[in-house]
Number of protein chains: 4
Amino acid sequence: MPKVTAEHRVARREQIVTAALTCVSEHGFHKTTMADVIRESGLSAGAVYGYFRSKDEIIAAIADQALGTVDDLFAEILSTEEPLTPAEAMRRVLVHVVAIAERPGGDITRIGLQAWAEAVHNPAIGAIAREKYKMLRGHYLRVVRRAQADGTVAADVDPEHVAQALFGLLPGFILQRLLLGDVTPESYSAGIDALFGSSTPQTT
Amino acid sequence: MPKVTAEHRVARREQIVTAALTCVSEHGFHKTTMADVIRESGLSAGAVYGYFRSKDEIIAAIADQALGTVDDLFAEILSTEEPLTPAEAMRRVLVHVVAIAERPGGDITRIGLQAWAEAVHNPAIGAIAREKYKMLRGHYLRVVRRAQADGTVAADVDPEHVAQALFGLLPGFILQRLLLGDVTPESYSAGIDALFGSSTPQTT
Amino acid sequence: MPKVTAEHRVARREQIVTAALTCVSEHGFHKTTMADVIRESGLSAGAVYGYFRSKDEIIAAIADQALGTVDDLFAEILSTEEPLTPAEAMRRVLVHVVAIAERPGGDITRIGLQAWAEAVHNPAIGAIAREKYKMLRGHYLRVVRRAQADGTVAADVDPEHVAQALFGLLPGFILQRLLLGDVTPESYSAGIDALFGSSTPQTT
Amino acid sequence: MPKVTAEHRVARREQIVTAALTCVSEHGFHKTTMADVIRESGLSAGAVYGYFRSKDEIIAAIADQALGTVDDLFAEILSTEEPLTPAEAMRRVLVHVVAIAERPGGDITRIGLQAWAEAVHNPAIGAIAREKYKMLRGHYLRVVRRAQADGTVAADVDPEHVAQALFGLLPGFILQRLLLGDVTPESYSAGIDALFGSSTPQTT
DNA sequence: AATGAATGAGACTTCATTCAT
DNA sequence: TATGAATGAAGTCTCATTCAT
């Protein structure tokens, strides 16, 4: 019965992570207690500890899942064959990020905020965040390269640097949306469009 | 002797906030214990609680001071008389933010990350963050308005939206710098310059 | 297994209350620390807090139990069918109160003293004390009514007032016993008998 | 300057005791902090500690003063030349106790309750309470002796025992007044009168 | 594997008291 | 003597984790 058990384990872990995600999205990593997760998951303390060695391990799993979800999203949006301008790529990402954030079961962008704060002090989360963020930015890198290929973006600039800046627009959107609540994909995209058309002295 | 006392109070509060800032920058809000702050401040438990009613009040003071420092910085850089292109404004901010972050006594941008995560769950921090972030973005708004006045940025776009996007570049820089460590004001600015010159379909 | 669990909870609560009663009887509400109760109960801090939310809740439980014990005693003594003169009722109560007070595990009358002092400032204890004392006095009220019926006590006096005075003899007994140590049920009863036979100008 | 200083000391001590009395009457011995007393007295911490070595010493002074006030009252009421029946003596005491209790600056009977509870555990308060209560009861003893002399009370009963019972009516009055709030000197006296005229089998 | 009562280290906070000025 | 900031021991309570059943 190894296979059944393996599937069972995966299902149980998912059940726990989902419960934890809900709790953490609402109260943050540190005000979420194991008792909260245990209650929300509908399991017993012993059961939860049968699938995760510690609270830190659950936190790592949440961060991994949350950032993984965003990675899947990016892969779907940005790996399309059609050429995307950087601005259009950003716009699509924003629309989908908001859509995912508004799904019931916990705002994934709030988990992101928690992960950022935790990553700086907690090596395990730091490693996960580093890995995932490199992947996320990698998707933008491909967009940038394509844009440089078709002349939308100056070709003599390190594409890594352009990807840094382009990807760098996302945390600011998430933050302003959660904190100030006055940004929308449309407003932010309009601002981006205006900026991207501004006649900036370019590196030649 | 009221004057001495008032000054004394302010000095002691600063002493405590400075100590707390160091601790929090290193370990985060929640892994920083009052014992840490007390030890670092060189005072006794009772003394600290004579100046702050609770740990939460100290956290609020840290957030306020950290974001206030950034506000001062923005005021100095962005309120200049000379016209600044958005890209140039951003570049100057990045340079100074890094300079401040590297000052001994705790990286202020790490406090920022903590504050973002806390603001979502802690109403007191949320209020402070909202207030300060509106001010910060307001500085960019003035830059944008000036840029629209001299034609650097399209005039038919809501300047608030442009400010959202421009200001929105900062969190992404801070995050990538702390998490990935591979962005510098120079690299990020190069990327911004490339993007801002890209021919994006503009709202007409 | 709900039945076992429910019984278990009750048993544990009793275990804690019993331990607390011992401590409080010896040191009073305020000099009894949770550490004392925890040690005396033989449980851990966490276990105790699993059954009572706070020290105040334990104090309330003690007061409730102590005054409840006295109520049971009164019910047994005073609700007899045989007609009791007020003096005889008092005598029996005194004898049994002393008997209970001298049982090992803590003098219940000392808990009473604590409860009196606490009831005035602590609303929770105040509510308990009020409720229980009304019940206790109610038992005397029945004695008085019967005495008025058979002519032992003047019938034209408000029985509530007579119950106030009769019941009012008890705190003075308890207090003198604990404080001065020179009263016994016998001495006090002898005094009562002498007073009750004194020719007082009666309401006619 | 010894005399001025001595008077000064006494005045200051009274000032502190008065402040403490107000606090304790409202919040009890243990919830009254030295900070409360210091604030209420209008002095500084150092000053208060210049007149009292410790909080316990202040508590002792309060208890002493409160019970002393009652003693003065008893002396005035009960040491009159005119013969008083026990019931009449009690009635006069109740009236005056309530009058004193209702004076502004703290209900002295609430201090009494605190003192009873404290006396059992705190040797210093115990000693004061014992001394004062013996004096208080002594006043009743004189009333009883006079009543026995003129035949109002049976002469063959130990007057100490009668004094125990008679004095024993007072705590019950105070307690019911503070706790239940439904007793008055009139209601209680009416009850006493009814009881004292009841035909109790007397020791012959 | 599951349960959930129990554990106990450690967090935050208070407050009686002291002492440099 | 007076001040009041400072002290630090001690108190209440939480919560991640374990283990007997």
Side-chain angles (χ1 to χ4, degrees), chain A residues 1 4-5 8-9 12 30-39 42-59, chain B residues 1-2 4-5 8-9 11-12 30-39 41-59, chain C residues 1 4-5 8-9 11-12 30-39 41-59, chain D residues 1 5 8-9 12 30-39 42-59:
Chain A
M1 70 186 68
V4 173
T5 297
H8 188 247
R9 278 197 76 81
R12 278 275 194 266
H30 296 282
K31 285 189 184 157
T32 293
T33 67
M34 285 303 289
D36 291 337
V37 175
I38 287 159
R39 193 185 320 108
L43 298 174
S44 67
V48 170
Y49 274 87
Y51 294 101
F52 291 95
R53 236 194 294 282
S54 68
K55 184 182 178 183
D56 273 2
E57 220 175 274
I58 295 181
I59 287 179
Chain B
M1 71 185 65
V4 172
T5 295
H8 186 252
R9 276 199 79 78
R12 276 276 189 269
H30 296 283
K31 285 190 185 156
T32 293
T33 68
M34 285 304 293
D36 292 337
V37 175
I38 288 158
R39 192 186 320 109
S41 72
L43 296 174
S44 66
V48 170
Y49 275 89
Y51 293 97
F52 292 93
R53 251 199 284 280
S54 64
K55 183 182 176 183
D56 272 4
E57 218 175 276
I58 295 182
I59 287 179
Chain C
M1 73 185 64
V4 173
T5 295
H8 186 252
R9 276 200 78 78
R12 276 278 190 268
H30 295 283
K31 284 188 185 158
T32 294
T33 69
M34 285 305 292
D36 292 337
V37 175
I38 287 159
R39 192 185 320 106
S41 72
L43 295 174
S44 66
V48 170
Y49 277 91
Y51 293 97
F52 292 93
R53 250 198 285 280
S54 66
K55 184 181 177 184
D56 273 4
E57 218 175 275
I58 295 182
I59 287 179
Chain D
M1 70 185 70
T5 296
H8 188 247
R9 278 198 76 79
R12 278 276 193 265
H30 296 283
K31 285 189 185 158
T32 293
T33 66
M34 285 303 289
D36 291 337
V37 175
I38 287 159
R39 192 184 321 107
L43 297 175
S44 68
V48 169
Y49 274 88
Y51 294 101
F52 291 93
R53 235 192 295 280
S54 67
K55 184 182 177 183
D56 273 2
E57 219 175 273
I58 295 181
I59 287 178

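Since this is a predicted model, take the numbers as computed values, not measurements. Excluded from the calculations below are hydrogen atoms, water molecules and symmetry mates; all remaining heavy atoms, backbone and side chain alike, are included. First the proteins, then the strands, lettered A, B, ... as listed; each starts at 1.
Summarising the geometry, the separation between CD1 on A:Ile59 and C1' on F:dC15 is reported as 13 Å, rounded to the nearest angstrom. One can place CD of C:Glu57 at 14 Å from C1' of F:dT12, the figure rounded to the nearest angstrom. In this entry the distance linking CD1 of D:Ile38 with C1' of E:dT17 reads 9 Å, nearest Å. Here F:dA2 presents its P atom at 6 Å from NE2 of D:His8, a figure rounded to the nearest Å.
Here D:Leu43 lies out of heavy-atom contact (under 4.0 Å) with every strand. Counting any heavy atom pair closer than 4.0 Å across all strands shown, C:Phe52 reaches no nucleic acid atom. Looking at heavy-atom distances under 4.0 Å, B:Gly50 makes no contact with the nucleic acid at all.
Heavy-atom distances to DNA chain E give each of D:Arg53 and B:Asp56 a nearest nucleotide, and the one nearer the 5′ end belongs to B:Asp56.
Of the candidates E:dC12, F:dA5, E:dT7, the closest approach to any side-chain atom of C:Ala47 belongs to E:dT7. Comparing F:dA5, E:dA2, E:dC12 by their nearest atom to the side chain of B:Thr33 picks out E:dC12. Closest to the C:Arg12 side chain, of the nucleotides F:dT3, E:dA6, E:dT18, is E:dA6. Closest to the D:Lys55 side chain, of the nucleotides E:dC12, E:dT17, E:dG8, is E:dT17.
The aromatic rings of D:His8 and D:Tyr51 sit perpendicular, their planes meeting at an angle over 60°, well past the 30° parallel limit.
For F:dT1, neither phosphate oxygen OP1 nor OP2 lies less than 4.0 angstrom from any side-chain nitrogen or oxygen of D:Tyr51. The phosphate of F:dA5 has neither OP1 nor OP2 within less than 4.0 Å of any side-chain N or O from B:Arg9. Not one side-chain nitrogen or oxygen of A:Tyr49 sits closer than 4.0 Å to the OP1 or OP2 atom of E:dT3.
Contact record, D:Phe52 with D:Glu57: CA-OE2, 3.7 Å, taken as the closest heavy-atom pair. When all heavy atoms of B:Thr32 and B:Lys55 are compared, the pair lying nearest together is O-NZ, 2.8 Å.
Base pairing of E:dA1: no nucleotide in any strand meets the Watson-Crick or G-U wobble criterion (both distances under 3.5 Å). F:dA10 is paired with E:dT13 under the Watson-Crick or G-U wobble criterion, all donor-acceptor distances under 3.5 Å. Across every strand in view, E:dA20 sits in a pair with F:dT3 that passes the Watson-Crick or G-U test at under 3.5 angstrom.
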